Amino acid sequence: MAAPAQPKKIVAPTVSQINAEFVTQLACKYWAPHIKKKSPFDIKVIEEIYEKEIVKSRFAIRKIMLLEFSQYLENYLWMNYSPEVSSKAYLMSICCMVNEKFRENVPAWETFKKKPDHFPFFFKCILKAALAETDGEFSLHEQTLLLLFLDHCFNSLEVDLIRSQVQQLISLPMWMGLQPARLELELKKTPKLRKFWNLIKKNDEKMDPEAREQAYQERRFLSRLIQKFISVLKSIPLSEPVTMDKVHYCERFIELMIDLEALLPTRRWFNTILDDSHLLVHCYLSSLVHREEDGHLFSQLLDMLKFYTGFEINDQTGNALTENEMTTIHYDRITSLQRAAFAHFPELYDFALSNVAEVDARDSLVKFFGPLSSNTLHQVASYLCLLPTLPKNEDTTFDKEFLLELLVSRHERRISQIQQLNQMPLYPTEKIIWDENIVPTEYYSGEGCLALPKLNLQFLTLHDYLLRNFNLFRLESTYEIRQDIEDSVSRMKPWQSEYGGVVFGGWARMAQPIVAFTVVEVAKPNIGENWPTRVRADVTINLNVRDHIKDEWEGLRKHDVCFLITVRPTKPYGTKFDRRRPFIEQVGLVYVRGCEIQGMLDDKGRVIEDGPEPRPNLRGESRTFRVFLDPNQYQQDMTNTIQNGAEDVYDTFNVIMRRKPKENNFKAVLETIRNLMNTDCVVPDWLHDIILGYGDPSSAHYSKMPNQIATLDFNDTFLSIEHLKASFPGHNVKVTVSDPALQIPPFRITFPVRSGKGKKRKDADGEEDDTEEAKTLIVEPHVIPNRGPYPYNQPKRNTIQFTHTQIEAIRAGMQPGLTMVVGPPGTGKTDVAVQIISNIYHNFPEQRTLIVTHSNQALNQLFEKIMALDIDERHLLRLGHGEEELETEKDFSRYGRVNYVLARRIELLEEVKRLQKSLGVPGDASYTCETAGYFFLYQVMSRWEEYMSRVRNAGSACPDAAEVATFFPFHEYFANAPQPIFKGRSYEEDMEIAEGCFRHIKKIFTQLEEFRASELLRSGLDRSKYLLVKEAKIIAMTCTHAALKRHDLVKLGFKYDNILMEEAAQILEIETFIPLLLQNPQDGFSRLKRWIMIGDHHQLPPVIKNMAFQKYSNMEQSLFTRFVRVGVPTVDLDAQGRARASLCNLYNWRYKNLGNLPHVQLLPEFSTANAGLLYDFQLINVEDFQGVGESEPNPYFYQNLGEAEYVVALFMYMCLLGYPADKISILTTYNGQKHLIRDIINRRCGNNPLIGRPNKVTTVDRFQGQQNDYILLSLVRTRAVGHLRDVRRLVVAMSRARLGLYIFARVSLFQNCFELTPAFSQLTARPLHLHIIPTEPFPTSRKAVPSLTLLLPELQTLDHALSVAVFFQLQTSLFCSFHLMKCPRDLGNFNKQTVL
């Protein structure tokens, strides 16, 4: 297997190189944003830059990156564009800039939206240029760039400006490009279309000739582009040298075709045009496909295009086609061919009279049609409207090979997509793992195209949606597996021994040499399948390793995934491994196969089962594992061995590799997705189209749902009637009681519900009354019934005064439908989520709510807040492995809840025993839940009913309050409650207390009835399943757990009515979708009623390690972000309470109207200054330290020693002033810098008791969702902005601090970045040297209003800053020494390393 060439990393230019560049000099003269006096616009500048900088460098990314970064597009190109100055250089310059923005993953269309007037003219020029002759004004390389630009346009249909231009190319009139017979056939198939077609023709006749000609050009654009491509494709020879420009043009063109086919709005009419052009036939017969090296990527793209052209969907209606419908279409095609053959071609009688199954295989079709002449084949094709009619006495111009392939490929039997998927192995093999077109390296630059699916706005069907996600998830896992294999195998140092075998010169923790490998079972296939149901093997290894590593290997659990590897090294013993050279040829890797652990074998060869019993102690160091192999892969390998004489892969394995459990769940997730594709995915009707990206994006909003609920109990949401009125600005609030003393929460609110489709009936007086009615809320205060006399009976209450937008989010979450809440940093997303959960729990006690989050940490935060509200803890359940991190003594895991139920049952039975004793009833009523139930029915209820009949004597006109206490039968039982129980003030009050006491008693027996199942079910597993399926009302899990356990949950009959997702913008698209389908449908419908998604798409997206999947395939796009892009309505929380108002200004420009809560201005901690520091935030410029800026010891492992030293110096300074170390966190944008800062802290102050360590030293990405009072931030880079250019990362970085933010960076680099301008313009408005007040201890009373007239020390240079740090350190050491002289007993706490 040939090793792939290592791609080179694109090195970004340094600041000094940028400043020396010709482009930079021009930018400073004409368009740089910081230049006040700019020269006037000159078209020659654009021509010169294009010719000298872009074309001359052969479109070098470095040059284009430089231009784009200098804001060339925003401040010069588009600002001055008009039809008068339009030229080739101008067009190409704009295209290059837009393409570069897409490559860098930054917004590309904002500039055009601000000045849209000339865009239609510009777009028409692009279309014209794309069709130009390749040897004319535009070179093939330039036309490839134009194709890429057009592809970006077709993938940006959510932008109105783009959509208005693109729609003209892909609407029904484009069928003008069809041959007449084919057009007639298509219109005949769908009679409705003929009406539209006639209407189009009429409208065309009314147009003036010039406009009509322009319209015809646009309609035929894609047809003509296809013909142009075919001519380029045919110009590529089979074996002679070919320019790569032609190959890249062909690859980009096929990518464009795939993207057009994969979106329903573009596919609807285009698929027929593509079919009529026979593009696929031309491609498969081309020379490029047969060029092994140059045509490899082209062939892979072609397979993707073939898949999408035959996709199982009705192009016109957009409905998914079933297996039966696809079979019917296939049979219709074959029978129409047979009828044509029977009627017109006597030589095909045998074919015409055969049954379909006999003739629809490729070999059969070739056998029947192969002997026919080219002219006859052309006549058959023209009869089927595939080709124009062949004139009489003329020969066809098409090759026989083309004509035969056209007929055969169109009529051969196709394997169904789901069948292909079921036959696909789930584990990657060596062929996929090291294929750069499918799994690119970490050095993917974004230049070329790849054979990967893309996740954009829309999908064809749910099957397409799942399949794209399946493939991308599989490949992303493959990338991580490749890294693990390369790391482990290279550590083992496989070399060739003297006798030609393998010898391992090293060792790896995660891999071991295989001593023996045997396949022990190949089970028979299921009926209708050709792969075995199960394949098992035994793998023996020798664990002559350290004890803790041995324990890790012996701790492999059932379902853990391992990899079996064959290496045949060719390098002699002692050869050094070079990580820069291709891996495969160095280690001689031949095969990789996946397997799943069943268990380790004991001395008798039996599998040791996982369970509570201790594992047997095995003697010796030899261990054998029983593993499951992939049956599909095994079948493929065996077929290859038998049919082609290949060697048996399973006789060759010599290495087994394991992976970390947290990174090893890919197979379970892939199986879940595959199972979903094999079942009827029942998504609620109100969600189906939105998930695919079609229809009205607001159709699932509660205001448009047919089952909207008029009256809702807001329970403890509102703190007072004033709070309620302030929460509904612009509404007329009518309270049902007029007495202000009774207008206290909780409140029920009746909302005006719109009927049907959102239209209201107007009354006779006009619209005014209707509007008034629509804005009127009926508010009904109600009293929560007394729950008993004990203090713990009082319900827990919410104490947060929600804002009106938070109330809207809570209201939307309580209503049926899709609710999306955008929560900027510090706006109380978690509080809103918890209140929604609580309100649903109280309004709909019979419904079950599923909580899903991205991280265990977020789930635990939610749970801790839920426990503070009025929710019975027996209804809470937490699934997964994160429950041990909950900051509570209570265990909410499945087995923790079982133990709680059993303990609670004993407590309640003790209460029954006490009640029985107080009533003087003999016997043992508290023996079981069942006996307690009888006791309640016959003893308690009878006494209560007798008591009620006495105190509610119908004959008494004025009931006596004293009687309520006198006749009360449970005085003795409630003797331990606060006395007196009855106040004696009024009959009504005492009666309510009595009923409250009875409710307390009744609740005991209600709970015991629920716990009765735990008496009947004997095992902990059965009890936990019962709790999950029946008892729990609020079930929480991470999205990963949901994906892993879907099969088990569905099998158990798990059911839920509502889903609430926190951190929704951080969850992968597929991991957001799977929780919708954790239950079986009821009567073919989903029982899901509400889906609440809470997140922030302006913060960081899901983590995707491979840049190609992240950028090219857009895999980092969460479902939440896609919904926002599609236009689904959101509730945007608009008041933050985390940070000072000045700090909030650094990121609030990214959100809609984000303001501050009142306490941000009022509380002392926000109004006082930061002690010892003049400013509450500052950007501190850090120049090169000892001549060095950023460094990169390993790929992407960036470090900056100067910034690291400066950050630690400031941290030490703050601690010495009295700041608590745990209130300071140090963040950075790269892992390399994080490790460097930790090292410096360990050296400088980590063990110093006066300073200590900061709360956290971590990356910005890792710190998302957390906060601290003071943040010290190092931006590291000095050559290129790097990934901080992603504004989402900037928002996270700027929003972590509550009181103080101090940023260390190379200011000259970051201030020029267009995307970062809103934040950096505020940062650079303050001095760029750190201003300190060394004499001011913490805390200070100084107000946070900087007085710039103060003469304060200023740390001008880094050396100055470090000398200050050394001074403080020496002071600290002297202080410690003095302290120790006075207190010798503290000598053990003194660390000599504190002195530098």
Side-chain angles (χ1 to χ4, degrees), residues 154 157 163-209 211-227 257 260-261 263-279 308-322 325-326 328-340 343-344 379-391 406 410-411 458 460-461 689 694-695:
F154 281 114
L157 294 180
R163 187 171 62 250
S164 62
Q165 298 306 311
V166 166
Q167 264 178 337
Q168 298 161 14
L169 310 180
I170 50 166
S171 51
L172 177 59
M174 76 182 302
W175 276 9
M176 286 180 71
L178 294 174
Q179 48 157 317
R182 179 65 185 270
L183 175 61
E184 195 55 38
L185 180 70
E186 294 298 329
L187 295 176
K188 205 173 179 180
K189 275 189 206 168
T190 320
K192 194 166 68 171
L193 289 182
R194 191 178 290 281
K195 290 180 186 174
F196 290 125
W197 192 255
N198 292 335
L199 196 63
I200 290 164
K201 282 162 75 176
K202 277 183 188 174
N203 289 338
D204 287 352
E205 287 166 11
K206 293 174 188 173
M207 294 165 77
D208 62 78
R212 192 184 311 133
E213 182 56 33
Q214 178 62 43
Y216 286 1
Q217 294 284 345
E218 287 172 354
R219 293 170 191 175
R220 289 200 172 98
F221 170 74
L222 286 168
S223 303
R224 291 172 62 193
L225 193 63
I226 291 170
Q227 295 312 314
M257 296 296 104
L260 289 172
E261 285 285 289
L263 285 172
L264 192 58
T266 51
R267 173 196 181 92
R268 183 167 271 130
W269 313 112
F270 173 70
N271 193 35
T272 310
I273 291 278
L274 190 68
D275 186 53
D276 189 51
S277 69
H278 314 304
L279 177 78
Y308 273 111
T309 52
F311 197 82
E312 297 163 354
I313 186 174
N314 182 315
D315 292 335
Q316 267 76 54
T317 63
N319 294 330
L321 297 174
T322 63
E325 287 169 328
M326 288 302 291
T328 305
I329 290 169
H330 170 64
Y331 271 61
D332 288 346
R333 278 185 177 177
I334 286 276
T335 48
S336 65
L337 180 60
Q338 286 181 316
R339 280 197 296 272
H344 302 281
Q379 286 168 348
V380 173
S382 65
Y383 189 82
L384 297 171
C385 303
L386 299 176
L387 290 174
T389 308
L390 186 65
L406 173 61
R410 189 172 184 79
H411 296 97
Q458 297 170 319
L460 296 177
T461 61
D689 286 357
Y694 301 115

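These numbers were taken from a predicted model, which means no experiment stands behind them. Keep in mind that the numbers below use all heavy atoms, side chains included, and drop hydrogens, waters and symmetry copies.
Two residues are said to be in side-chain contact when any heavy atoms from C-beta on lie closer than 4.5 Å; R219 and D204 meet this criterion. Inter-residue side-chain proximity for S382 and L390 is flagged as unmet; no heavy-atom pair is nearer than 4.5 Å. Annotation: side chain of L337 is in contact with side chain of V380 (closest heavy-atom distance under 4.5 Å). Annotation: side chain of D275 is in contact with side chain of R410 (closest heavy-atom distance under 4.5 Å). In this structure, the side chains of Y216 and R212 come closer than 4.5 Å at one or more pairs of heavy atoms.
Side-chain atoms of T322 come within 3.5 Å of backbone atoms of E325 as a donor-acceptor pair (strictly under, hydrogens ignored). Side-chain atoms of R267 come within 3.5 Å of backbone atoms of Y308 as a donor-acceptor pair (strictly under, hydrogens ignored). Using modelled atom types, one side-chain atom of D276 and one backbone atom of Q179 make a donor-acceptor pair closer than 3.5 Å.
Here NE2 of H411 is found 6.0 Å from CD1 of I334. Values are rounded to the nearest 0.5 Å. Between the CD atom of Q214 and the CE atom of M207 there is a distance of 9.0 Å, given to the nearest 0.5 Å. One distance of note links CD1 of I313 with CG of L264; it measures 5.0 Å at 0.5 Å rounding. The distance from the CG atom of L386 to the NE2 atom of H278 is 5.5 Å, given to the nearest 0.5 Å. Distance check, rounded to the nearest 0.5 Å: CG of L460 to CG of N314 gives 12.0 Å. Rounding to the nearest 0.5 angstrom, the gap separating the OG1 atom in T266 from the CG atom in L157 is 6.5 Å.
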Next on the checklist: The test is side-chain contact (heavy atoms from CB on, under 4.5 Å); show your working for L274 and L222 and say whether it passes.
Outcome noted: CA-CA 9 Å; L274 190 68; L222 286 168; over 6 Å; no
Next on the checklist: Using side-chain contact (heavy atoms from CB on, under 4.5 Å), reason through N319 and T461 one step at a time and then give a plain yes or no.
Outcome noted: CA-CA 7 Å; N319 294 330; T461 61; over 6 Å; no
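Figure legend: cation-pi geometry between R333 and Y331 absent, as NZ or CZ is not positioned both under 6.0 Å from the six-membered ring centre and within 45° of its axis.
With sequence neighbours excluded, the residues satisfying ring pair (Phe, Tyr, Trp, His ring centres under 6.0 Å) with Y383 are H344. Residues that satisfy the salt bridge (charged side-chain N to carboxylate O under 4.0 Å, His left out) test with K189, not counting sequence neighbours, are E186. Applying the salt bridge (charged side-chain N to carboxylate O under 4.0 Å, His left out) rule to R163 yields the partners D160; only residues at least two apart in sequence or on another chain are considered. A search for salt bridge (charged side-chain N to carboxylate O under 4.0 Å, His left out) contacts involving R194 returns E184, not counting sequence neighbours. Not a single salt bridge (charged side-chain N to carboxylate O under 4.0 Å, His left out) links D689 to another residue, sequence neighbours left out.
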Donor-acceptor list for residues 168-178 side chains, cut-off 3.5 Å, not counting sequence neighbours:
residue, atom, partner, partner atom, Å
Q168, NE2, S164, O, 3.3
S171, OG, Q167, O, 3.3
W175, NE1, W269, O, 2.9

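Looking at D315 and N271, their side chains do bring a donor and an acceptor atom within 3.5 Å of each other.
Across all non-hydrogen atoms, the minimal contact from Y694 to L263 is OH-C, 4.4 Å.
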